[in-house]
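Quick note on labels: first sequence line is chain A, next is B, and so on, each numbered from 1. These numbers were taken from a predicted model, which means no experiment stands behind them.
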Amino acid sequence: MPWETESKALLKSRKITSFPHSACKMATEGLHENETLASLKNEAESLKGKLEEERAKLHDVELHQVAERVEALGQFVMKTRRTLKGHGNKVLCMDWCKDKRRIVSSSQDGKVIVWDSFTTNKEHAVTMPCTWVMACAYAPSGCAIACGGLDNKCSVYPLTFDKNENMAAKKKSVAMHTNYLSACSFTNSDMQILTASGDGTCALWDVESGQLLQSFHGHGADVLCLDLAPSETGNTFVSGGCDKKAMVWDMRSGQCIQSFETHDSDINSVRYYPSGDAFASGSDDATCRLYDLRADREVAIYSKESIIFGASSVDFSLSGRLLFAGYNDYTINVWDVLKGSRVSILFGHENRVSTLRVSPDGTAFCSGSWDHTLRIWA
Amino acid sequence: MAQAPTDPSSAEAADPEESSPNMIVYRKIEDIITRMQDDKTGGVPIRTVKSFLSKIPSVVTGADIVQWLMKNLSIEDQGEAIHLGSLIAAQGYVFPISDHVLTLKDDGTFYRFQAPYFWPSNCWEPENTDYAIYLCKRTMQNKARLELADYEAENLARLQRAFARKWEFIFMQAEAQVKIDRKKDKTERKILDSQERAFWDVHRPVPGCVNTTEMDIRKCRRMKNPQKVKKSVYGVTEESQPQSPVHVPSQPVRKTTKEDFRKQITFLNLQIDRHCLKMSKVAESLIAYTEQYVEYDPFITPAEPSNPWISDDAALWDIEMSKEPSQQRVKRWGFSMDEVLKDPVGRDQFLRFLESEFSSENLRFWLAVQDLKKQPLQDVTTRVEEIWQEFLAPGAQSAINLDSHSYEKTSQNVKDPGRYTYEDAQVYFKRSVFFISHGCIRTLEDKTTFHMLQLLNHDLSKDF
């Protein structure tokens, strides 16, 4: 490097009488650092441009244009069929049991409740040692639940029907993050849990031992949501975060496979299209979007001028034709996924809708709200 | 379009507060409110209305607001416009002049616009001392319209107890405020009083009303300056302002390093090399999938005999629990191997069928490897060995056929057992001959197993 020889020459010629060694080293390193950083940045920028060019070549038509030939949906009559009251504060999260009727829900006051939502009976309840339990999940076997939040952990509670047994007694601490737990999900078995956290990472854990199996780094801010690919043989999941990015991960290698950044604000919810070839997202920018993995692109936006509050949670109907989205304006909007239009708006909740999931057999969906209640819609 | 994993460079320049989720909504509402008040571009009629012996300045009717919203935001349903209007009121941007409850009514009720000073986007978090000053000064005014509501009187009583020691200070501040107010023009005072009241209706809402100032704790960390002393509505400065426990400052934004850029470049190059489908193909595929499953979607095709949630009859679920699958259910198995494996009855029937064809070892190997991935860590080594012995070791009982390359790799992998030991074998299997049945070769990736499953169906009908 020319400046290195020059400074050495200067030193030798004693034109600079005192030159602290460390300052010299830092100065030379600083110059080196800037040069390469700039060239790397330029390379990255030009590659991004090239990538956008390549993708644009394949964008020969819009989804809603092709969908014009598809028969329009009829009028929908969706009503609240059950209201679950019992939480003392904001409901933050819920999940369905595979039996299509039981659900687990968690709340700001630290309570986690398991309900038979068909009868509206509460079957189990546990109080977490922290407030704001932002994540909860039902195990595939139906024999356990997982939850966590401001405690930065994900804990698993086996469900017991023994009245004498205290549910909290058999609690198992599985995941440990360095910031709040925002989402958790069992993989296809009771033995592994996938978590997302405010610390910007996702992680896969072995439930029995609590061991970290794989961690996923790449988000530039809090990760708020995740969803596992629906295939029985799949090994990928998608996550969304405060960095406005949705990222698809390989569970085995921990690598990010694909990344999407078209939202203007936090992504609060991500959910796979039932075929696993695409996923939807809900964001604080008041839009929901559909991204296709094979096109590696955003392929649809679901928005309206009159919808100005953020979308907090999204889920598809069984066929993928409908997208249900809960919003911070207390409503649920139902979108025609293919045509891009809104087919219905559902009123009922008296505060923000914070969580929404379609039941395993698609016969209903459940919404949870800051108004302390959960509603089953069909 | 794909983007590299870490790219915080764009965030460094923007004001973090401005991009916070709450602010995004406020700015949108402010845009609506501004347009609404602009009489040059078809805003709402803001009038002074005569009432008995006095005048009500600067008001607009609820009906006018609803109409404006429907016209200017393309809202077709009146209910939707009322709901949006009520939210704008609940956030504190417009308010009824004669009610503490902030909703919008589609009638002749009068509303007024909030002063920008009091807008939520100014990040007000008024302390109880400010509220005490406000309630105290209200009691000093003799106008009937300014009488305290019951809940306000209760609040005042509580605050008097809480601030017993510094009540003199609060009283003095209230007196000072009354003096300032008296100097203002009568009409201006009417407007300002109502706006001030609406401000407190947002920050100290009527019991039972939604407190729209509540925040999602996950989004709280983006405060511009969490250490700053909270400003007082009445300009009161106090020594000890308590820190809200909610304001945990977020991590400083990491500067992008050379390593980050290198990773970005690698990622981008991978994405450029990726083979992607054209939109037209993707659209066809998405449409085809929904069309195939639409008859199974209870929201579109009503469930038979009924949707349990609607009829309160769980017959649908009882039928599904039985071992006799319906024609429609069997047809679904034919859509993909995933569907067969997902349905416990389908999986069961399929295995039995294959066993009768002497070719079940391939599916059983497949299922064993899937199962391996779900095992608790401590059981993995044992299972790997068991699978090896049953399917792959020389002289194995249910020997499967692997190509020599996959076999070689797998026997290496077995020496360091893990959940993915048999991944290479599985990959080979997915693409290779899976089983032969009735003269048809079927693979795991083959989506047209329908023919084969029709035979299965035929088999079933023999049993039942």
- May I ask you to check whether B:Trp317 and A:Asp361 show a side-chain donor-acceptor distance below 3.5 Å? yes
- For the residue pair B:Leu73 and A:Ile308, establish whether any side-chain heavy-atom pair is separated by less than 4.5 Å. no
- Query: How are the rings of B:Phe299 and A:Phe365 set relative to one another: parallel (under 30°), tilted (30 to 60°) or perpendicular (over 60°)?
  - Reply: tilted
- Item | Separation between CD1 of B:Ile300 and CZ of A:Arg321, rounded to the nearest 0.5 Å | 6.0 Å
- Segment of A:Ala378 engaging chain B (4.5 angstrom heavy-atom cut-off): both
- When only pairs under 4.5 Å are counted, which of B:Lys342, B:Met279, B:Gln378, B:Lys28 shares the most heavy-atom pairs with chain A? B:Met279
- Note on the structure: Applying a strict 4.5 Å limit to non-hydrogen atoms, the region of A:Tyr180 in contact with chain B is side chain
- Message: Counting only non-hydrogen atoms closer than 4.5 Å, can you tell me which residues of residues 282-290 of chain B sit against chain A?
- Response: B:Val282, B:Ala283, B:Glu284, B:Ser285, B:Leu286, B:Ile287, B:Tyr289, B:Thr290
- Select one option (side chain, backbone, both, neither) describing which atoms of B:Thr212 are under 4.5 Å from chain A's heavy atoms. side chain
- Task: Quick one: pull up NZ in A:Lys48 and CD1 in B:Ile265 and give me the separation to the nearest 0.5 Å.
- Result: 10.0 Å
- Looking at A:Arg101, A:Lys100, A:Glu43, which one has more heavy-atom pairs under 4.5 Å with chain B than the rest? A:Lys100
- Message: Can you tell me which portion of B:Ile24 sits under 4.5 Å from chain A's heavy atoms? Options are side chain, backbone, both or neither.
- Response: side chain
- Query: Is there a side-chain contact between B:Gln271 and A:Arg55 (heavy atoms, below 4.5 Å)?
  - Reply: yes
- Item | A:Cys256 side chain reached by B:Phe267 side chain, heavy atoms, under 4.5 Å | yes
- Item | Toward chain A, the part of B:Glu214 with a non-hydrogen atom under 4.5 Å | both
- Identify which of B:Ile75, B:Asp77, B:Ile29, B:Asp312 forms the greatest number of heavy-atom pairs closer than 4.5 Å to chain A. B:Asp312
- Query: Yes or no on salt bridge (charged side-chain N to carboxylate O under 4.0 Å, His left out) for A:Asp266 and B:Lys219, after CA distance, side-chain angles and deciding distance?
  - Reply: CA-CA 9 Å; A:Asp266 300 6; B:Lys219 322 264 175 164; 3.2 Å; yes
- Task: Enter the distance from A:Asp296:CG to B:Cys276:SG here, rounded to the nearest 0.5 Å.
- Result: 4.5 Å
- Task: Under 4.5 Å, counting heavy-atom pairs only, tell me which of A:Gly320, A:Ala56, A:Gly310, A:Ser275 racks up the most with chain B.
- Result: A:Ser275
- Can you tell which of A:Leu224, A:Leu322, A:Asn328, A:Ile307 has the highest number of heavy-atom pairs within less than 4.5 Å of chain B? A:Leu224
- Message: So, taking the atom named CG in A:Leu318 and the one named OH in B:Tyr296, what distance separates them when rounded to the nearest 0.5 Å?
- Response: 10.0 Å
- A:Ala44 and B:Phe261: which non-hydrogen atoms are nearest, and at how many Å? CB-CD2, 4.2 Å
- Check whether A:Val207 gets within reach of chain B through its side chain, its backbone, both or neither, counting any heavy atom under 4.5 Å. neither
- Message: Does any backbone or side-chain atom of A:Asp60 lie under 4.5 Å from a heavy atom of chain B? Answer side chain, backbone, both or neither.
- Response: both
- Given that the side chain runs from C-beta out, which part of B:Ala81 has a heavy atom under 4.5 Å from chain A: side chain, backbone, both or neither? neither
- Item | Residue part contacting chain B, namely of A:Arg82, when any heavy atom lies under 4.5 Å | side chain
- Most heavy-atom pairs under 4.5 angstrom with chain A, which of B:Glu320, B:Arg262, B:His83? B:His83
- Toward chain B, the part of A:Ser117 with a non-hydrogen atom under 4.5 Å: both
- With only heavy atoms counted, which part of B:Gln91 is less than 4.5 Å from chain A, the side chain, the backbone, both or neither? side chain
- Item | Short N-O contact, B:Glu80 and A:Lys304, less than 4.0 angstrom | no
- Below 4.5 Å, heavy atoms only, C-beta onward: do B:Lys373 and A:Thr187 meet side chain to side chain? no
- Item | A:Leu63 portion near chain B, given a 4.5 angstrom heavy-atom threshold | both
- Message: Are A:Gln258 and B:Arg274 packed together at the side-chain level, in the sense that at least one heavy-atom pair is separated by less than 4.5 angstrom?
- Response: yes
- Item | Per-residue contact mode, B:Pro308 against chain A (heavy atom under 4.5 angstrom) | both
- Query: Is chain B contacted by the side chain of A:Asp329, its backbone, both, or neither, given a heavy-atom distance below 4.5 Å?
  - Reply: both
- Is there side-chain contact between A:Glu208 and B:Asp379, with at least one heavy-atom pair below 4.5 Å? no
- Flag the one option from A:Asp190, A:Leu150, A:Ile257 with the top tally of heavy-atom pairs under 4.5 Å to chain B. A:Ile257
- Item | Contact class of A:Phe324 relative to chain B, heavy atoms under 4.5 angstrom | side chain
- Message: Can you tell me which portion of B:Leu69 sits under 4.5 Å from chain A's heavy atoms? Options are side chain, backbone, both or neither.
- Response: neither
- Query: Crowded around B:Lys281 NZ? As in, over 12 foreign heavy atoms under 6.0 Å?
  - Reply: no
- Query: Among B:Asp216, B:Asn72, B:Leu316, B:Asn22, who wins on heavy-atom pairs under 4.5 Å with chain A?
  - Reply: B:Asp216
- Note on the structure: Whatever's closer than 4.5 Å to a heavy atom in chain B on A:Lys90 counts as side chain
- Between A:Phe118 and B:Asp313 the two heavy atoms that sit nearest each other are CZ-N, 4.1 Å
- Side chain / backbone / both / neither for A:Leu338 at chain B, heavy atoms under 4.5 Å: side chain
- Relative to chain A, which segment of B:Leu270 carries a heavy atom at a distance below 4.5 Å: side chain, backbone, both, or neither? neither
- Query: chain A: which of B:Glu295, B:Met321, B:Arg419 shares the most heavy-atom pairs with it under 4.5 Å?
  - Reply: B:Arg419
- Query: If every non-hydrogen atom of B:Asp338 is compared with every non-hydrogen atom of A:Ser231, which pair is closest and at what distance?
  - Reply: OD2-CA, 3.2 Å
- Message: With a 4.5 angstrom heavy-atom cut-off, is it the side chain or the backbone of A:Leu290 that approaches chain B, or both, or neither?
- Response: side chain
- Most chain B-contacting option - heavy-atom pairs closer than 4.5 Å, from A:Arg252, A:Arg81, A:Glu54, A:Gln192: A:Arg252
- Measure the shortest side-chain to side-chain distance between B:Leu87 and A:Tyr330 over non-hydrogen atoms and say whether it is less than 4.5 angstrom. yes
- Note on the structure: Answer key: most heavy-atom pairs under 4.5 Å with chain B among A:His59, A:Glu71, A:Gln108 is A:His59
- Is B:Glu259 atom CD crowded by more than 12 heavy atoms from other residues, nucleotides or ligands, each under 6.0 Å away? yes
- Message: Is the shortest side-chain heavy-atom distance between B:Asn269 and A:Leu47 below 4.5 Å?
- Response: yes
- Item | Heavy-atom proximity to chain B below 4.5 Å, by part of A:Trp377 | backbone
- B:Leu372 side, atom CG; A:Ser189 side, atom OG - distance, nearest 0.5 Å: 11.0 Å
